[in-house]
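Below is one structure, written out as structure tokens, with a few remarks after it.
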Amino acid sequence: MKHVSAFEVSKPGIHSLIQDLGRFGYQHLGITPGGPADLHAYLWANKILGNHSNMASIEIHYGLMTLIALVDTRIAICGAEFGVTINNKPAFNWQTHQVKSGDVIQYRSAKTGKCGYLAILGGLQTKKDYQSRSTVIRDELSPATSKSLYHGQILPASNSSIKYLKTTTEHAAEVIVPRHYIPNYSTVLSLGLLPCYQWSLLTSKQQYQLLSNKYQISTQANRMGYQLVGDMITDLPTALTSEGIALGSVQLPANGQPIILLQDRQTIGGYPKAGVISAIDCSQLSQRQQGAEITFRLDNPLVSRYKMQAFKRFFDF
């Protein structure tokens, strides 16, 4: 597939990464799956462009990124509200936009939410490592997948997609995500806990504490995991054998403060875990900023599985 230079990074922002759905089947080698922090927003950005669900996009944390378009193309903006502008004119969130060569796309700081997605027609065509373009900095697989965006970087896209765009109507209507699908990232978040792992080793008091506590997101919150702060859960099980770590695992370390493990988590660990939250809830959690209130509730595994199956069918992945 031939590529064309699509964007030049003028300002990389605080923490901007390339993400596709992630790399799977390599955790036994200690390689983290990676993938989008907010799967919901990432998938919508690709869907409204007509892209396949695994097309690589830019994941922007905290904002302050500036790109210069090097081709005429179509982009989609979804996720956190950054007050994006194109040539100093507002570019509305949760919809597609036509851009021309020379256009300047600017992200301000986040107003609501934490991370956003900029997708391009046909997806970004950066180098793959282990079948994925996802950036996981700590894995250091290669320079292409272990660095955040940097000043002067040129981001390639599919030449065939650019040619396809030229055959379509220049002033085609923009595609907008229906309002009822757009989350409110400012509400108190209740996470559905699927009890597994060491749930049965916890006492009824410890289980009640976890489900009744009101937690806040600490300063230790990133793509690897979110440390929560609340009433300490004491006398937790110890001396456990290390085991594989699933996305959304709710780990209970010795300090009694839960850690929810996310896309860039370690592949194995020996701390007790109360269970997991769904990938859909992980997306919502990833949009909450420091100090946001978090609670847990027990979720029905059958209902959770049905929701995830419906989610996958809707987004075709």
Side-chain angles (χ1 to χ4, degrees), residues 1-10 12-13 16-22 35-60 65-82 84-87 89-107 115-128 131-135 144-145 149 153-178 181-182 314-317:
M1 180 187 295
K2 292 184 178 180
H3 299 159
V4 61
S5 297
F7 298 116
E8 178 183 348
V9 180
S10 176
S16 304
L17 311 167
I18 304 298
Q19 296 294 340
D20 56 19
L21 286 175
D38 183 348
L39 183 62
H40 175 264
Y42 161 89
L43 288 170
W44 264 118
N46 274 320
K47 185 178 181 70
I48 59 179
L49 284 172
N51 285 348
H52 184 274
S53 59
N54 199 32
M55 295 290 189
S57 306
I58 305 175
E59 180 177 278
I60 305 102
M65 179 186 76
T66 301
L67 302 177
I68 300 171
L70 302 178
V71 292
D72 296 357
T73 187
R74 181 176 293 154
I75 63 171
I77 298 169
C78 290
E81 180 55 65
F82 289 105
V84 180
T85 62
I86 299 175
N87 298 330
K89 296 179 180 179
F92 295 114
N93 202 6
W94 298 98
Q95 71 170 65
T96 61
H97 299 273
Q98 298 279 353
V99 295
K100 294 183 177 296
S101 180
D103 284 353
V104 179
I105 305 164
Q106 291 181 298
Y107 276 68
C115 65
Y117 294 85
L118 188 151
I120 182 174
L121 185 68
L124 294 171
Q125 300 297 316
T126 52
K127 181 180 178 294
K128 284 186 177 182
Q131 310 303 312
S132 172
R133 296 183 169 90
S134 282
T135 302
T145 58
L149 299 192
Q153 184 176 4
I154 303 298
L155 302 176
S158 167
N159 190 42
S160 59
S161 296
I162 304 304
K163 288 182 177 179
Y164 169 77
L165 179 65
K166 291 179 179 179
T167 67
T168 62
T169 305
E170 182 178 354
H171 300 291
E174 304 300 353
V175 183
I176 303 172
V177 176
Y181 286 114
I182 299 175
F314 181 80
F315 287 110
D316 191 24
F317 81 102

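Side chains are part of it too, since the values below use all heavy atoms of this structure and drop only hydrogens, waters and symmetry mates.
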Exercise. Would you please indicate if the ring centroids of Y181 and W94 are separated by under 6.0 Å?
Key: no

Self-check item: Value rounded to 0.5 Å, distance of CG in L124 from CG in L118
Solution: 8.0 Å

Quiz item: Out of I18, D20, N54, which one pairs with S132 under the side chain to side chain contact (heavy atoms under 4.5 Å, CB included) rule?
Solution: D20

Practice problem: Just jot down the side chain to side chain contact (heavy atoms under 4.5 Å, CB included) partners of A69, sequence neighbours excluded, or say none. | Solution: F7, V99, D103

Quiz prompt | Stepwise side-chain contact (heavy atoms from CB on, under 4.5 Å) check, H52 with F317 | solution = CA-CA 8 Å; H52 184 274; F317 81 102; over 6 Å; no

Self-check item: Taking every non-hydrogen atom, the tightest pair across A45 and A119
Solution: CB-CB, 3.8 Å

Quiz prompt | Test item: V9 and L67 side chains (from C-beta on) under 4.5 Å apart, heavy atoms | solution = yes

Quiz prompt | Euclidean distance, N46 CG relative to F315 CZ, rounded to 0.5 Å | solution = 10.0 Å

Quiz item: For V104, does its backbone N or O pair with a side-chain atom of N87 as donor and acceptor, under 3.5 Å?
Solution: yes

Quiz item: Do E174 and T96 have side-chain atoms, one donor and one acceptor, less than 3.5 Å apart?
Solution: yes

Practice problem: Please round to the nearest 0.5 Å and tell me the distance separating atom CZ of R74 and atom CG of L121. | Solution: 6.5 Å

Quiz item: Do the non-hydrogen side-chain atoms of I58 and L149 ever get within less than 4.5 Å of each other?
Solution: yes

Quiz item: Are any side-chain N or O atoms of Q125 and backbone N or O atoms of G122, one a donor and one an acceptor, separated by less than 3.5 Å?
Solution: yes

Quiz item: Where is the tightest heavy-atom contact between T145 and S134, given as atom of each residue plus distance?
Solution: CB-O, 3.5 Å

Self-check item: Residue pair T126 / P156, side-chain heavy-atom distance below 4.5 Å
Solution: yes

Exercise. Give me the one residue out of P12, S10, S16 that meets side chain to side chain contact (heavy atoms under 4.5 Å, CB included) with M65.
Key: S16

Quiz item: Measuring from L43:CG to M55:CE, what's the distance to the nearest 0.5 Å?
Solution: 13.0 Å

Self-check item: Shortest non-hydrogen contact from A144 toward K127
Solution: CB-CB, 3.7 Å

Quiz item: Are the side chain of H97 and the backbone of F92 linked by a donor-acceptor contact shorter than 3.5 Å?
Solution: yes

Self-check item: Shortest non-hydrogen contact from P36 toward L21
Solution: CD-CA, 3.9 Å

Quiz item: Judged by modelled atom types alone, do R133 and Q19 share a side-chain donor-acceptor pair under 3.5 Å?
Solution: no

Practice problem: For K128, check salt bridge (charged side-chain N to carboxylate O under 4.0 Å, His left out) against everything at least two apart and list the hits. | Solution: none

Quiz item: Between V175 and L49, is any pair of side-chain heavy atoms under 4.5 Å apart?
Solution: no

Self-check item: Close side-chain approach of Y117 to I60, heavy-atom, < 4.5 Å
Solution: no

Self-check item: Residue pair I120 / A6: nearest heavy atoms and the distance that separates them
Solution: CD1-CB, 3.7 Å

Quiz item: Would you say the side chain of W44 lies within less than 4.5 Å of the side chain of D38, judging by non-hydrogen atoms?
Solution: no

Self-check item: Spatial distance of atom CD1 (I176) from atom CD (Q95) [nearest 0.5 Å]
Solution: 4.5 Å

Self-check item: Reported CD1-to-CD distance for the pair I68 and Q106, which is rounded to 0.5 angstrom
Solution: 9.5 Å

Quiz prompt | I105 and V84, any side-chain heavy atoms less than 4.5 Å apart | solution = yes

Quiz item: With a 4.5 Å heavy-atom cut-off, do Y42 and C78 have their side chains touching?
Solution: no

Practice problem: Give the minimum heavy-atom separation between D72 and S101, together with the two atoms involved. | Solution: OD1-N, 2.8 Å

